[in-house]
Structures are given as C-alpha cells and as structure tokens.
Amino acid sequence: MSAIQEISPNVRNMKQLQYTVLAKQASRIKGELRQRVTKPFKDLIEVYSGDAHRGGVKPLTFVQQVLAACVYPPLAHSDKLPVDVRQRAELLLKGCDGGSVGSYTATGGIPQIVHRISEFITRRDGGAPSHPENIYISPGSQWGLLNLLTVLVDAEASPRTGVLTPRPCYLTSNLSMVGLGAVPVPYDLCEEQGWELRVEELRAALESAKGVCKPVALYVINPGNPTGHVQSRKSMQEVIRFVSEKRLFLLADEVYQDLVHGEQREFVSYKRVLMEMGPPLSDTVELASFHSASKGFMGECGLRGGYMELVNLDPAVMKYIHTMCSTNSCAPVLGQVALDLLAMPPQAGDPSHPLYREETQRIRTTLVRNVRRAFEVVNSLPGLCCQPVEGGAFAFPRLHLPPKAIRRAEETGMQPDMFYCTRLLEEAGVFVSPGCEYEPKEGTYHFRFCIMLPEEVMEELLRRLTSFHTQFMKDFS
C-alpha cells in the first residue's frame, strides 16, 4: 500500500491553499530583489494576512514591556520599566509554576488569567455573567474551534455531519471541518447589501443539505472575514431564533470585535444578545464564542493566544470537551499573558495609560482613514467595486474581469482572481489573497487585502494597485 493510500480520506479532501503558490512566488521575488534584479518596485507589500506587525503597525509598548519582564524577571525588579508594568509582570509570574513562563500551566489556562477574561466578558456584555469554568484558553482561536468541532463531528456518521458556514468564509475554518470529516454547507452573504447575513439564506442552505449531510452547527464570523460586515442586533436575534428552532449549535467567531469603524455600527457579542433575549432562549441555545490576542489593536499573532467561552452546554458534554482540550497540555504562556493584557489594559491613572491610549488611538485613526481611502480608490477604478468595510482588518473588492482575462486564466489553469493576483504580485509587488481562497458565490471574483497598515504603506499600495489595474484592464479589454 502506498503512503497516499494510508492518509485519511478526510485529509486528502482538504484542498491546497492558493496562498502556498503565491508565497513561493513572493519568496522568489524577494530573492531577486536581494540580488538587485531590476523590478518596477523596490520591495513587496505583503497584505495577504491580518498580521498587523508584519504590515508595519508598531506593537503596543505596554504589551511589549510586560512580555519582556515576564521573560526576563529581573526587569520586574528594576526601575527601568513603569511601576504598573512591573506590578503586572510580578502578578503574572506568581501565577506561573516556578515563577517562570517556561512552565506548563493548567489545561484551560492560568487560573488568574481565566478569571480576568471572565471579568472582561462580563463587563463587555453589560453585566451578563461569565463563568471561568466555561472558558478555555487555546493556542489561537482556530485551535479552540477545531477542538470543539472534534467533539461535535462524527466522522463515521451516515449521513455525514454538516456545519453551515458563510460564503465567502475564512478558508482555514472550512479546511478544519473537512479534515475532521464534516461537510461545510455554505450560506450566501448578500454582497449587494453590504454582505448582510439573511435568515432566508440559512434556510436555503439547510434545505440544500437534505440527503447530503445532517447539519449540527452554524458558524458565523462577526465582524466578517473576509467581508468586513458587522451584524446588527436584529440580525443576530434572527440567527439565534433560527438555531433554536433548528436545534443547531452556534459557533461565533468574534476575533475582530475591537475593530469596528462603520458609522452607526457597534460590536455586540452573540453572548450578550442571547442573554438579553431572556428565557427560554438564554437558557437553551448552545453557544461557543471565540476571541484572540492576534487581532485587534494588540496584533500579537505569533504569540498564539486565544480563548473560547461555552454557554448552555450539558455538563456531560463539557467533560468530553475538557478531555479533548487536555490533549495539548496548555496554550503558550506568553499567549496567555497577552490575553491577560487584552482583558485588562492600563486604566486611567496608571503610569502606562497615557501612552497606551495614544498608541491605540493612533491605530484606530489610521485604520478609519485607510478604510475611507481604500473605499474611495477601489471604487474609482473600472471593473472594481467594494462594499463599505464596517469592521475587521480587510477589504474584499469584487473584480469584474473582461472575458479575455477570464479566458487567459482558464488557459493557464488558474481561477480568474488567482490569475489577477499572480500578475499583481509579479508586476506591482503587491501580495494579496485571491477571492477563490474564500469560496465565494460561483461566477464572482474578488481579492482580499489587509487595511491595518501605516498610512504611507496604504497610499503606496493603492498607488501600485491603481497603476497595475489600469494597465491590466487595458491589456485584456
């Protein structure tokens, strides 16, 4: 038997990310630039991911200082750092065995950090109680989602287990489901209405699953990735009534909750909306919500710190989830530290508060400006249009490509938007993600790029995009 035959068929069903193809191309271009090969650009602008630090956003000073003192404890006992930094580091180190971030922690996370997250959730949700025993710290939010899906998905069931997922959707989530043997059942977001989530699309998706799989959960991303939409309270209430009616587990990916920039929009968690709806819904709808230190103003992607909160789960089920989460020992301790700082940043009166406020406000102001500029420039270009970006870290413009470009893409064996993105990378040095990566509605083409960038980088990106797109449309008209 060959090795490929021994691989799980579920894993074989996981399609290759287009990112890997573009990443190889980007690596080659970087090498050529180092060798001083002549290019129409001096460097790459890499905006394919939501890694704010990679994009040039400065890390928050308070976060970096606390992390430094935790890694090198003598700093916590010196006068080289502000007193509130030293106090926080000392408190965090007391929660670590041996006073070291190199020690293992409890499976669900350092207890005092879990409690801090619980308090943060309670404040965020207007006093709706959050219980520490229902919170699990994980190496990033996707890890938590994967472990929960492992409990929900029966790979040997007939019909197979299904999960309703948005279309377009952050592809890693769909890949995780496929790898476990689940069937992603797409429901379309309405692009013409700002990527609105409509219950009639959920009902249509559920109908399409008949004879194919048995859906057990609904996955939502709010604020949206890649779409940038932010759900209204009314929309969330409709979703909650739907999952209650259909007895579906609600999976709420809320990692971009700090990044809301649309006028008259605010982030409200599914947990808060559910609790405000009252019994019987608040006592019966099963919910898991996910958050992360990788996104938002903190942007500490590499520290791998996330958490999930579980609501209304049967204690017997919680036992199995705890067992599942125990298989990975614990989340990285520095990622847990980052979550503690996310849950309780410097407060008014603390020595670090003025600088923290200044830095976060600068990021917010820049982000709002970048959203406006991206919207203006993209929508001024023929063959490109973009819905308003209300939240999150990405713009997701739609490409209306000439038939000649689509035919050329087919001749090269590429999806049309992948063809566009490879040309944009090669000719303009801009590394974006093709829309096909997110499996949008058939016959539509898009690309995604990160907007969490310094203003000067965003302006250069838009200048290159304008020049490239104008020539591309001329070449294929």
Side-chain angles (χ1 to χ4, degrees), residues 15 17-19 21-23 25-26 41 44-50 166-171 186 188-196 224-229 370-390 392-451 453 458 460-477:
K15 74 174 192 178
L17 291 169
Q18 297 296 326
Y19 158 75
V21 177
L22 290 168
Q25 183 183 356
F41 47 86
L44 284 188
I45 299 178
E46 301 182 62
V47 285
Y48 62 89
S49 78
R167 181 162 59 188
C169 180
Y170 180 56
L171 189 57
D188 288 318
L189 302 175
C190 183
E191 182 171 7
E192 293 72 21
Q193 298 299 320
W195 299 107
E196 183 180 34
N225 178 12
T227 58
H229 73 285
N370 287 350
V371 166
R372 178 178 57 80
R373 286 289 294 143
F375 183 79
E376 290 173 353
V377 173
V378 168
N379 285 303
S380 72
L381 297 173
L384 270 182
C385 65
C386 187
Q387 295 298 317
V389 179
E390 299 174 332
F394 304 101
F396 194 57
R398 182 169 178 175
L399 283 163
H400 297 275
L401 296 172
K404 185 178 177 181
I406 295 174
R407 288 195 300 271
R408 180 68 62 83
E410 291 171 347
E411 291 168 2
T412 59
M414 295 184 189
Q415 292 285 345
D417 44 19
M418 177 65 173
F419 174 71
Y420 181 92
C421 291
T422 58
R423 295 282 296 261
L424 178 61
L425 177 55
E426 194 68 45
E427 298 173 24
V430 178
F431 187 177
V432 301
S433 296
C436 58
E437 196 90 299
Y438 310 96
E439 301 181 336
K441 186 183 294 186
E442 188 174 350
T444 65
Y445 311 115
H446 303 77
F447 64 92
R448 187 192 80 164
F449 64 94
C450 181
I451 53 177
L453 304 167
M458 175 58 76
E460 175 63 14
L461 184 159
L462 294 174
R463 185 194 68 77
R464 294 189 196 183
L465 175 63
T466 298
S467 176
F468 165 80
H469 184 79
T470 302
Q471 187 61 47
F472 181 92
M473 296 299 283
K474 181 180 178 181
D475 291 344
F476 291 99
S477 62

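These numbers come from the heavy atoms of this one structure, side chains and all, not from hydrogens, waters or symmetry mates.
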Under the salt bridge (Lys or Arg N to Asp or Glu O under 4.0 Å) definition, can you give me all pairs with a residue in residues 374-385, not counting sequence neighbours?
Arg372-Glu376, Arg373-Glu376

Say whether, by atom type as modelled, one donor and one acceptor occur between the side chain of Arg448 and the main chain of Ala395 under 3.5 angstrom.
no

Atom pair CZ (Phe447) and CG (Leu399), whose distance is rounded to the nearest 0.5 Å
5.5 Å

One should read off an interatomic distance between Cys421 SG and Met414 CE, to the nearest 0.5 angstrom, of 10.5 Å

For Tyr170, which residues count as a ring-ring contact (aromatic ring centres under 6.0 Å, His included) partner, sequence neighbours excluded?
none

Can you check whether Phe468's main-chain N or O pairs, donor with acceptor, with Glu427's side chain at less than 3.5 Å?
no

Within residues 399-412 or reaching into it, pairs that qualify as side-chain hydrogen bond (donor to acceptor under 3.5 Å, both in side chains) - sequence neighbours excluded
none

Which atoms form the tightest heavy-atom contact between Ala405 and Leu401, and what is the distance?
CB-CB, 4.4 Å

Whether the Thr227 and Tyr438 side chains hold a donor-acceptor pair (N or O, under 3.5 Å, no angle test) is what I'd like checked.
no

Which heavy atom in Ala409 sits nearest to a heavy atom in Phe419, and how many Å separate them?
CB-CB, 3.6 Å

Could you state the interatomic distance from CG (Leu171) to CD (Glu437), rounded to the nearest 0.5 Å?
5.5 Å

May I have the step-by-step check of side chain to side chain contact (heavy atoms under 4.5 Å, CB included) for Leu453 and Asn370, ending in yes or no?
CA-CA 8 Å; Leu453 304 167; Asn370 287 350; 4.3 Å; yes

Can you list the residues that meet the ring-ring contact (aromatic ring centres under 6.0 Å, His included) rule with Tyr445, with sequence neighbours excluded?
none

Look only at the side chain of Gln25 and the backbone of Thr422, and say whether a donor-acceptor pair between them is shorter than 3.5 Å.
yes

Any side-chain heavy atom of Pro402 sitting closer than 4.5 Å to one from Met473?
yes

Closest heavy-atom pair and its distance - Pro440, Gly435
CD-O, 3.1 Å

Parallel, tilted or perpendicular: rings of Phe396 and His446 (30°, 60°):
parallel

Please report the interatomic distance CG(Leu381) to SG(Cys386), rounded to the nearest 0.5 Å.
11.5 Å

Just verifying a value: how many Å separate Arg398 CZ and Asp417 CG, rounded to the nearest 0.5 Å?
11.0 Å

Minimum heavy-atom distance Met418-Cys436, with the two atoms named:
CB-SG, 4.2 Å

Of all residues at least two apart in sequence or in a different chain, which pass the side-chain hydrogen bond (donor to acceptor under 3.5 Å, both in side chains) check with Gln387?
none

When rounded to the nearest 0.5 Å, the distance separating CZ of Arg167 from CH2 of Trp195 is 11.0 Å

Given Val377, Asn379, Val378, the one that forms side chain to side chain contact (heavy atoms under 4.5 Å, CB included) with Phe375:
Asn379

Please confirm whether the backbone N or O of Gly392 pairs with a side-chain atom of Asn225, one donor and one acceptor, at under 3.5 Å?
no

Non-hydrogen atoms of Ala26 and Leu425 that approach each other most closely:
N-CD2, 3.9 Å

So the side-chain hydrogen bond (donor to acceptor under 3.5 Å, both in side chains) pairs with at least one residue in residues 460-472 (sequence neighbours excluded) are Asp43-Arg464, Tyr420-His469, Glu460-Arg463, Glu460-Arg464, Gln471-Asp475

